[in-house]
Amino acid sequence: MTGQGPSGEITLNAAQRAAVEHGLGPLLVLAGAGSGKTRVLTARVARIVEELGVPPHRVLAVTFTNKAAGEMRARIARLLHDEPRGMWIGTFHGIGARLLRLHADRVGRTPEYTIYDEDDTLAVIKRLMEREKVSVKEFAPKAIVAAISDAKNALVPPDEYARLAMTPLTRAVAPVYAALEPAFRAQNAVSFDDLLVLPVQLLSAHGDLRAHYADRFAHVLVDEYQDTNHAQYEFVRLLSGPQGNVAVVGDDDQSIYGWRGADVRNILDFERDYPGARVVRLEENYRSTPGILALANVVIAQNAARRGKTLRATRPGGEPVTVLKALDDRDEADAIADAIEARRLNLRERPAEMAVLYRTNAQSRAIEESLRRRSIPYRLVGAVRFYDRREVRDLLAWLRLTANPADDEAFRRAIGAPRRGIGDSTLELLAAAARDRGIALLEMARRVGELDGVRPATRQALGDVAVLADRFRASAADASVDRLILEILQATGYDAALRAEGAEGLDRLDNVRAMVEGAAETVVDDGGELGLRPLDHFLQKAMLVTAADQLGPDADAVTLMTVHTAKGLEFPVVFIAGLEDGLFPLGRAFDDPDLLEEERRLLYVGITRAERKLTLTWAMSRLRNGELMPGILSSFVTPVPKELYESQMTAKLRGSAAAFAYTSPAARRPGAPISRPSVWEPAADEDSQVAPRYVKGARVRHKAFGSGTILELSGAGRDTKVTIEFDDEAVGRKRLVVAFAALERDDD
């Protein structure tokens with residue numbers, strides 16, 4: 001397939017050539033991962049122009065990203081030895097925006113209309129909710145926005161939506177949805193969704209325009225067809241016209257965006273929608289080794305809703321696929337980092353050649369920290385670094401204010417987490433008064449009664465912030481950082497505020513839980529408390545991370561991303577972390593066959609990102625939602641024949657009793673908490689000897705702090721913590737993690 005012949009002619013295999021040389025009529029190209037679909041698409045466009053004599057302006061090529069559209073245009077230009085002037089090449093939304101500007105008057109706009117982003121649209125929705133008397137306390141505005149977006153992409157108009165509204169949420173959405181289009185018209189604006197919906201309405205309602213564009217575009221070509229939603233499906237159907245010269249390229253096995261409206265049936269039912277369509281399968285893979293593809297084929301074959309194809313490798317040999325079992329998520333992260341470091345040193349592979357993929361963004365924290373400890377450069381794609389995420393920075397602001405009441409920047413952020421009705425004008429008034437008195441903003445908030453012109457409700461809100469800050473400062477003297485964060489979440493109402501944001505808020509809560517888990521490990525990482533208060537140490541660590549320079553896209557760094565984000569990319573070495581039932585696939589997928597198949601397609605996408613080395617990792621236990629949960633190897637992996645991969649376990653697991661005491665996956669339910677004894681706790685015969693040493697009132701000795709008396713115990717197993725009053729007054733009271741404090745009994 002590689003290479004070009006004379007005059008820039010591309011060398012094609014038989015299946016690729018069949019797709020490129022197809023004449024008139026509909027064409028479906030089922031392009032497996034790494035099979036050269038972009039090459040086929042661009043070569044077909046070049047043939048349509050050069051050999052069939054179709055002018056460039058009569059060709060429409062649609063894809064999903066601006067980057068892909070730019071690459072497509074550049075490749076076509078190279079093949080034609082000239083810019084394809086007049087050819088429409090762009091994303092669905094870009095093509096839609098172009099149509100709307102040409103015919104803006106027919107949708108009640110002018111060509112200068114504004115495209116509102118998510119924040120703009122949310123602001124409009126909030127005002128409409130107030131006008132329609134829909135409570136923002138009962139119904140989160142973001143949930144209203146999401147419901148309207150789903151309706152638009154399904155082409156359900158407001159009147160039909162109102163007729164079908166049966167639940168409290170849909171009945172609340174209906175009047176807001178009905179008022180939205182008039183509001184946008186009045187402001188000469190459209191939403192991102194409108195860039196698809198309005199062109200479909202335009203072409204459906206105006207026969208002259210529909211006929212014009214059906215004649216204008218003699219050939220329509222669509223990339224990533226498996227990711228189209230109903231609005232995009234209709235857009236393609238209306239633009240391609242009665243002649244049906246539509247060629248779509250896609251892979252039903254890589255349809256992974258059902259959660260945002262994509263409908264895999266669009267590609268599965270293509271021949272029904274376009275009778276007489278020719279189907280070409282691209283099954284030769286030019287990316288991955290035979291071992292990786294053998295695993296991918298077995299995994300995806302478990303799906304029922306698929307067209308069916310088998311990827312065949314064109315490159316020989318390669319390393320075996322590895323399935324690595326770890327003791328817990330930290331051990332998993334350490335094992336991945338160690339493997340990356342070993343490949344750097346032994347195989348001279350660059351960090352940029354390696355990627356770590358995971359199902360959820362919250363998994364990145366442990367991996368980031370393991371890479372940082374080894375000074376391995378990394379970059380996060382598709383998400384901000386963990387400590388730069390909004391919800392994490394909000395909680396860091398409260399922690400900073402707790403540790404240092406003079407931190408004015410922390411105060412400014414904390415008062416808005418969650419929002420308390422303290423506006424910019426009030427904050428500036430407070431800041432001016434604080435400057436005049438030479439005091440911090442927090443202290444001025446305590447003395448807000450000295451200010452004139454502040455509404456009673458705002459005065460109360462500022463006073464509440466001061467009271468909370470004082471409360472947290474008192475708690476920080478004895479509480480661990482994880483407990484302090486949990487107290488902040490509850491006392492400020494930040495937890496409830498995130499939940500009110502709907503699905504996005506729940507994702508943010510996952511990151512908050514990961515932050516709590518990281519805080520619980522802060523003292524553990526240092527082998528016990530040595531000098532700094534846990535809060536001070538945690539903040540120092542977090543602030544150093546946020547101060548680090550962001551690596552550029554071309555940096556020699558390991559790439560961290562979700563599997564969703566990795567679609568369309570490839571790396572020589574790939575790790576996929578968290579292959580456990582309940583995480584990958586997600587727990588809720590077991591109750592939804594369609595979602596379970598989409599989760600399996602997602603794993604297939606992850607596997608086929610790897611060129612020469614693939615490692616799948618899973619953990620026997622993982623901290624999730626504040627509980628230590630059992631890990632069961634993903635049911636996507638268990639049907640794979642053992643000869644298709646090598647099984648390994650981490651050194652830490654090999655040295656643990658858990659390696660031999662692990663219960664059968666069949667004996668555990670996905671998502672159920674671990675029952676004692678857990679993998680962290682000693683066997684029963686050891687427990688009877690060890691447990692009595694750590695009880696209230698027991699005398700213990702610490703190698704740095706000397707002798708003391710246990711005042712309090714909390715947690716269990718590895719997470720057991722003790723509060724000890726040491727005899728040395730200079731040491732005083734300390735809170736330690738038993739597993740790392742190296743305590744000894746002091747019977748003297």
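Between K613 and E349 there is no salt bridge, since no side-chain N of the basic residue sits under 4.0 Å from a carboxylate O of the acidic one. Salt-bridge annotation for R343 and E319: present, with a side-chain N of the basic residue lying under 4.0 Å from a carboxylate O of the acidic one. Between E725 and K734 there is no salt bridge, since none of the side-chain N atoms of the basic residue sits less than 4.0 Å from a carboxylate O of the acidic one.
Put simply, the side chain of N361 reaches to within 4.5 Å of the side chain of R389, judged on heavy atoms. The shortest side-chain heavy-atom distance between R287 and L293 does not fall under the 4.5 Å cut-off. Counting heavy atoms from C-beta on, the side chains of E368 and L560 come closer than 4.5 Å. Two residues are said to be in side-chain contact when any heavy atoms from C-beta on lie closer than 4.5 Å; V700 and I724 meet this criterion. Contact annotation: the side chain of Q302 never approaches that of E597 to less than 4.5 Å [non-hydrogen atoms, C-beta and beyond].
For R588, the CZ atom counts as loosely surrounded, since its 6.0 Å shell holds 12 or fewer non-hydrogen atoms of other residues, nucleotides or ligands.
Between H564 and Y257, the angle of the ring planes lies from 30° to 60°, which puts this pair in the tilted group.
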Exercise for the section: Evaluate side-chain hydrogen bond (donor to acceptor under 3.5 Å, both in side chains) for E611 paired with S288, printing each intermediate quantity in order. Expected result: CA-CA 4 Å; E611 296 176 5; S288 305; over 6 Å; no
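With no hydrogens or angles considered, a side-chain donor-acceptor pair links T709 and R699 at under 3.5 Å. Checking E487 against S475 by side-chain atom types alone, a donor-acceptor pair falls below 3.5 Å. N297 and T310 share no donor-acceptor pair across their side chains, judged by distance under 3.5 Å alone.
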